2 protein chains.
Amino acid sequence: MTIIASWNVNSIRVRYGHVENFLNKVDPDILLLQEIKCMNSEFPDFIDQSKYNVTINGQKAKYGVAIIYKKEIDIRIIQIKSQTLESQARVQLIYLKSLNLNILNVYTPNGNPINDPDKIQFKLKWYDELYNLSKKIILSKQDLLIGGDFNVIENIKDAINFQEWENDALGNLQVRTKFRELCFLGLTNLSRIFFKPGQIFSFWDYQRACWERNDGILIDHFLISPKKLQNVKRLEYETNFRGLEKPSDHIPFWLKLNI
Amino acid sequence: MTIIASWNVNSIRVRYGHVENFLNKVDPDILLLQEIKCMNSEFPDFIDQSKYNVTINGQKAKYGVAIIYKKEIDIRIIQIKSQTLESQARVQLIYLKSLNLNILNVYTPNGNPINDPDKIQFKLKWYDELYNLSKKIILSKQDLLIGGDFNVIENIKDAINFQEWENDALGNLQVRTKFRELCFLGLTNLSRIFFKPGQIFSFWDYQRACWERNDGILIDHFLISPKKLQNVKRLEYETNFRGLEKPSDHIPFWLKLNI
DNA sequence: GTGGATTTGG
DNA sequence: CCAAATCCAC
């Protein structure tokens with residue numbers, strides 16, 4: 001049994017206590033973190049060293065991803081050779097020997113404001129590069145799990161009122177198409193298997209009392225390749241974490257594999 | 001018996017917990033606060049309303065003074081008619097009916113950087129106006145206590161190494177002379193009665209590990225008029241408060257009157 | 001609304 | 001070093 005989790009924490013320095021609680025509660029084997037918002041050297045020292053290791057791709061102030069994984073897991077960090085994907089600290093690729101599985105931890109560019117052509121162009125280009133990288137892995141007959149914050153509202157039901165997002169970089173049709181193209185490589189979006197449309201959200205904006213009004217969106221996902229899909233026995237979104245003191249605007253979520 | 005205390009808290013919104021602890025420990029009848037750093041409307045609601053009242057002279061972000069006093073004390077707030085003293089929220093004058101005593105709560109301008117003529121000139125002018133106000137009270141045969149942060153190192157022994165302060169607005173000779181002229185109105189500096197030179201400090205800079213190296217200065221005082229001097233039985237500086245978590249850079253201090 | 005960087009004041 | 005403001009991104 002293996003539990004793999006993901007969480008956009010919106011600053012690990014502010015949220016490490018919540019992450020500690022999540023680790024204790026869910027006991028994941030692997031936790032993908034996004035938006036750690038710090039440099040590698042600033043990553044707080046909260047992890048139980050006897051239990052977990054961590055690999056960090058951080059940068060100053062913005063973005064930043066990290067993977068916390070149990071000590072007994074043998075991982076290989078794979079270098080990503082893409083100017084676009086490496087220009088900001090938004091991706092990590094690891095290979096798990098024990099599961100024979102590649103895992104991509106992603107924090108997709110937001111792309112707003114939509115009227116800034118640089119922003120949306122970078123997002124589209126970034127999705128293209130993620131597509132190319134994923135394609136290469138899949139064509140080489142390897143298994144792949146992509147987890148993280150995709151900053152896209154793929155399905156109309158992934159928002160209370162989708163019309164409000166049509167003119168936003170998260171609901172933009174070009175972006176949604178890029179995400180769908182990524183899935184069409186043969187990756188299954190697990191939220192589509194385990195929940196019915198509109199059943200869950202993963203993000204509630206801090207503004208406009210979105211949490212109190214349950215005005216959320218679903219933008220955090222796991223995408224998995226066919227051979228491993230059959231091993232997925234469970235998927236949970238931990239909605240409670242949005243109601244904590246000083247919460248992240250995203251909630252953690254996790255899957256369980258029977259391997 | 002009456003206890004009157006004073007404390008430059010360096011933000012009441014950050015320090016109200018410490019102030020609460022101080023009130024519980026010392027149980028003063030009156031507490032003069034300086035550098036509350038907020039508007040009246042932002043003053044936190046931490047005071048036990050059944051025990052204390054508060055009068056606030058605040059402003060946005062900088063300076064600001066307040067007086068917390070026991071409910072049974074009858075005070076009159078006296079309007080200060082001085083352009084200079086009222087241009088920034090640095091002074092409060094109250095009259096205590098029960099003790100027949102005027103109390104001035106002061107947060108003197110810092111005056112640095114010393115090479116900015118506006119800053120030091122304002123400080124000197126401000127001291128002149130404080131002198132005039134105090135003189136008026138004293139000449140009218142009323143008793144006066146001035147308490148607070150005078151931002152002056154009057155005595156060479158009030159710093160570990162006074163030479164380091166000679167070129168600073170706190171050790172500047174003109175400023176020291178202004179403070180001495182204020183005392184020469186007939187006010188006794190209680191720290192000179194209860195402690196020997198160099199025995200106590202009231203401020204340790206956050207910078208350069210001043211607290212850890214005990215590199216402090218004495219700049220917070222009570223000045224009292226002759227008739228009330230005979231009633232002062234005790235003076236204490238609460239040095240421990242500098243060692244708390246998230247301390248103010250100043251410590252609280254208090255006097256005890258046998259009336 | 002929240003977090004980070006930067007600037008200003010001390 | 002610390003606190004507040006302003007600005008920026010999301």
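It should be emphasised that the depicted structure is a prediction, and the values quoted were computed from it without experimental measurement. So you know, we letter chains A, B, ... as the sequences are listed, proteins then strands, and number each from 1.
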Quiz item: What is the distance from CD of Q34(A) to P of dG3(C), rounded to the nearest Å?
Solution: 18 Å
Exercise. Please report the C-alpha distance between D205(A) and R213(A) in whole Å, then the side-chain angles of each, then the deciding distance to 0.1 Å, and finally whether the salt bridge (Lys or Arg N to Asp or Glu O under 4.0 Å) criterion is met.
Key: CA-CA 11 Å; D205(A) 202 308; R213(A) 298 185 296 103; over 6 Å; no
Self-check item: Sequence-distant partners of T177(B), side-chain contact (heavy atoms from CB on, under 4.5 Å), two or more places apart
Solution: L173(B), E181(B)
Quiz prompt | Results of salt bridge (charged side-chain N to carboxylate O under 4.0 Å, His left out) for D116(A) - residues two or more places apart only | solution = none
Exercise. Return the value, rounded to whole Å, for the distance between atom CG of L244(A) and atom C1' of dT2(C).
Key: 15 Å
Quiz item: Excluding sequence neighbours, so at least two apart, what forms side-chain contact (heavy atoms from CB on, under 4.5 Å) with P44(B)?
Solution: I12(B), R13(B), Y16(B), F46(B)
Strictly under 3.5 Å: I want the nitrogen or oxygen pairs between protein and nucleotides 5-10 of chain D, one per line.
residue, atom, partner, partner atom, Å
dC10(D), O3', N110(A), ND2, 3.3

Quiz prompt | Spacing between I153(B) atom CD1 and dG10(C) atom C1', to the nearest angstrom | solution = 14 Å
Quiz item: Within the structure, does a side-chain N or O atom of K246(A) lie under 4.0 Å from either OP1 or OP2 of dG1(C)?
Solution: no
Self-check item: Option passing ring pair (Phe, Tyr, Trp, His ring centres under 6.0 Å) with F253(B) (candidates F203(B), F222(B), F195(B))
Solution: F222(B)
Exercise. Please report, rounded to the nearest Å, how far the P atom of dC2(D) is from the CD1 atom of I12(B).
Key: 18 Å
Quiz item: To the nearest angstrom, how far is Q88(B) atom CD from dG9(C) atom C1'?
Solution: 11 Å
Quiz item: How many Å lie between CE on M39(B) and P on dA4(D), as a whole number?
Solution: 12 Å
Quiz item: Does a nitrogen or oxygen in the side chain of S11(A) sit under 4.0 Å from OP1 or OP2 of dT2(C)?
Solution: no
Quiz item: Which residues satisfy the salt bridge (charged side-chain N to carboxylate O under 4.0 Å, His left out) test with D168(B), sequence neighbours excluded?
Solution: none
Quiz item: With N40(A), which residues qualify under side-chain contact (heavy atoms from CB on, under 4.5 Å), at least two apart?
Solution: I56(A)
Quiz item: Within this structure, what is the CD-to-P distance between E212(A) and dG1(C), rounded to whole angstrom?
Solution: 9 Å
Self-check item: d(OH, Y16(A); C1', dG3(C)) in whole Å
Solution: 15 Å
Quiz item: Taking OP1 and OP2 of dT2(C), is either one under 4.0 Å from a side-chain nitrogen or oxygen of R15(A)?
Solution: no
